[in-house]
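Structure first, then comments.
On a predicted model such as this, the values are computed, not experimentally measured, just so you know. The chain is numbered in sequence order, starting from 1.
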Amino acid sequence: MSLAGCESTRTEYVRVPVVPIPAELLQDCPAPEIPYQMPYGKSVELNEELLTVIEKCNADKLSIRQIEAQRQERK
């Protein structure tokens, strides 16, 4: 006959320090300067710069979502 039913268990909660989100992920995304007038060729280059900024911002937001998902898993 097992005496395991007579044992008492104690639940102890341990606080885990919150890992801060890296500062570089929280910085504003720098938009390139948009001139008042520009030739067509420059507008194409500006579009490329703007798309690069958007891609970087989306990568930062993805990283933040991944950090938050890891925090939720630990709860």
| query | What are the two closest heavy atoms between Glu49 and Pro32, and how far apart are they? | reply |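 Distance-wise, the nearest heavy atoms are OE1-CB, 3.2 Å.
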Might you point out which heavy atoms bring Met38 and Leu46 nearest each other, and give the distance in Å?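 Nearest pair, atom of Met38 first, then Leu46: CE-CD2, 3.5 Å.
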Which distance, rounded to the nearest 0.5 Å, do you find between the [atom1] of [X] and the [atom2] of [Y]?
X	Y	atom1	atom2	answer
Ile34	Ser43	CD1	OG	11.0 Å
Gln37	Lys42	CD	NZ	15.0 Å
Leu25	Lys56	CG	NZ	7.5 Å
Glu55	Asn58	CD	CG	8.0 Å
Leu50	Cys29	CG	SG	12.0 Å

_More than 12 heavy atoms from other groups under 6.0 Å of CD on Glu24_ =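 Yes, CD of Glu24 has more than 12 neighbouring heavy atoms, counting only those of other groups under 6.0 Å.
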*Return yes when atom CD of Glu48 has more than 12 non-hydrogen atoms of other residues, nucleotides or ligands closer than 6.0 Å, and no otherwise.*
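No.
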Quiz item: So does Arg65 pair up with Glu68, basic N to acidic O under 4.0 Å?
Solution: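 Salt bridge between Arg65 and Glu68, a charged N being under 4.0 Å from a carboxylate O: no.
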